[in-house]
Protein chains: 2
Amino acid sequence: MRTVTPGTRVEQMVEALASAGHRVTPQRLAIIEILAKSEGHPTANQILRRVRRRFPMVGKATVYNTIQLLKDLGQVLELEFGDAANRYDGNVPEPHPHLVCTMCGRIDEVMQPTLHDTAESVANEVGYRMLSHRFDVYGLCPRCQSKYEPAKTARTVE
Amino acid sequence: MRTVTPGTRVEQMVEALASAGHRVTPQRLAIIEILAKSEGHPTANQILRRVRRRFPMVGKATVYNTIQLLKDLGQVLELEFGDAANRYDGNVPEPHPHLVCTMCGRIDEVMQPTLHDTAESVANEVGYRMLSHRFDVYGLCPRCQSKYEPAKTARTVE
DNA sequence: GTCATTGCAAAGCATTTGCAAGTCG
DNA sequence: CGACTTGCAAATGCTTTGCAATGAC
């Protein structure tokens with residue numbers, strides 16, 4: 001179990017920054033707010049564009065720096081993709097399964113409390129000491145399914 | 001269950017290429033052999049360097065093309081990493097858990113027959129139709145553990 | 001001869017780095 | 001003031017693309 005830190009996600013992230021001796025600049029706050037309220041796992045570029053609505057002059061380096069900082073503080077989960085931009089999850093920084101739509105890029109998530117233990121047992125099986133883990137399921141989201149087989153009722157396609 | 005294709009991995013990959021109407025050039029054969037006999041999930045660059053021992057003039061595009069071809073034929077599993085080069089698995093092209101050492105980059109693998117079903121049930125939970133999945137566990141491999149805590153007997157480090 | 005394939009070089013992109021200017025404490 | 005940050009631009013590194021030359025059938 002883990003002690004639940006009180007406060008909103010924004011407050012938690014601000015606190016994490018501050019207590020680690022980092023300044024909470026307006027830019028950083030804006031990025032934190034975007035991360036906290038984003039549902040769709042934004043890319044660095046999307047974050048950049050949204051920050052620029054309020055701070056038109058922000059540089060991309062600032063966004064990357066801030067993300068890096070929050071990552072190091074365990075406040076942001078980075079989802080790397082080889083062929084696409086990284087996506088960031090500021091809501092649930094602990095590893096959890098993600099569903100990635102290969103058609104539209106949408107990312108959903110599910111809870112799976114046993115995942116951590118599963119990962120740990122896999123690690124132990126080969127003598128690794130686990131530090132982190134990642135479980136992605138690729139497929140078609142409901143919307144993209146209906147887009148491409150509109151007439152079918154739900155059934156398995158082999 | 002799945003029908004086991006007979007023949008060595010090299011033969012299987014050659015057959016897959018040929019029956020899809022692609023030529024089996026000496027370069028491609030060399031790349032296939034490297035993929036089939038590599039234990040450590042090589043990068044494209046590592047494959048390139050090994051191919052060049054026999055064909056010093058191969059271009060990187062050839063390596064990437066061939067990998068792409070084999071990927072499309074379901075003969076090679078690509079492991080993408082955002083911050084590092086992709087790694088390729090020509091031995092077990094079906095998704096399976098990988099253990100990635102964050103220290104030395106080594107990649108081990110384990111079998112986990114239930115993973116497919118787990119992924120499928122996660123997908124169903126949110127209405128996705130699963131196409132593929134990936135499960136990576138990051139940590140320290142046995143060698144790197146002993147490198148950094150040589151004196152300790154096996155015990156949990158918090 | 002035709003067409004897939006190769007090899008080379010240049011292009012693309014996301015991310016990182018360097019550094020002068022700016023800003024908070 | 002003095003260190004941390006910022007913004008801009010250039011650099012980095014992997015992968016892809018364009019294209020003329022090559023080679024197989």
Search all heavy atoms of P97(A) against all heavy atoms of Q112(A) and return the closest pair with its distance. CG-CB, 3.7 Å
With a 4.0 Å cut-off on heavy atoms, is A85(A) in touch with a base, just the backbone sugar-phosphate, or nothing at all? sugar-phosphate
Quiz: residues 28-40 of chain A side-chain donor-acceptor pairs under 3.5 angstrom, not counting sequence neighbours:
from, atom 1, to, atom 2, distance (Å)
R28(A), NH1, R23(A), O, 2.9
E33(A), OE1, R54(A), NH1, 3.4
S38(A), OG, I34(A), O, 2.6
S38(A), OG, R50(A), NH1, 2.9

Indicate, with yes or no, if I47(B) and M13(B) share a hydrophobic cluster defined by side-chain heavy-atom contacts under 4.5 Å among Ile, Leu, Val, Met, Phe, Trp and Tyr. yes
Within residues 23-40 of chain B, residues whose heavy atoms come under 4.0 Å of DNA chain C: R23(B), T25(B), Q27(B), R28(B)
Here the distance between atom C1' of dA9(C) and atom NZ of K60(B), to the nearest Å, is 10 Å
Starting from L77(B), can I reach V110(B) by hopping between I/L/V/M/F/W/Y residues whose side chains sit under 4.5 Å apart? no
Rounding to a whole Å, what distance do you find between Y88(B):OH and dC14(D):C1'? 9 Å
Of dG7(D), dT15(D), dG18(D), the nucleotide closest to the side chain of A44(B) is dT15(D)
Name the closest nucleotide to the N86(B) side chain, picking from dG7(D), dT5(C), dT15(D). dT15(D)
Per the under-4.0 Å heavy-atom filter, residues of residues 62-83 of chain B near DNA chain D come out as Y64(B)
Would you kindly say whether Q68(A) and D72(A) are connected by a side-chain donor-acceptor distance under 3.5 Å? yes
Side chains of Q46(A) and R87(A): donor-acceptor distance under 3.5 Å anywhere? no
Rounded to whole Å, please give me the gap between CG in N45(A) and P in dG12(C). 17 Å
Taking every non-hydrogen atom, the tightest pair across Q145(B) and G127(A): NE2-O, 2.8 Å
Spacing between M57(B) atom CE and dA21(D) atom P, to the nearest angstrom: 16 Å
Whole-Å distance between dT15(D) C1' and R87(B) CZ? 17 Å
Under 3.5 Å donor-acceptor, Q27(B) side chain and V51(B) backbone: no
Quick check: on DNA chain D, is the nucleotide nearest A61(A) upstream (toward 5') of the one nearest H22(A), or the reverse? Name the residue that is more 5'. H22(A)
Distance-only side-chain donor-acceptor flag, H41(B) / D89(B), under 3.5 Å: yes
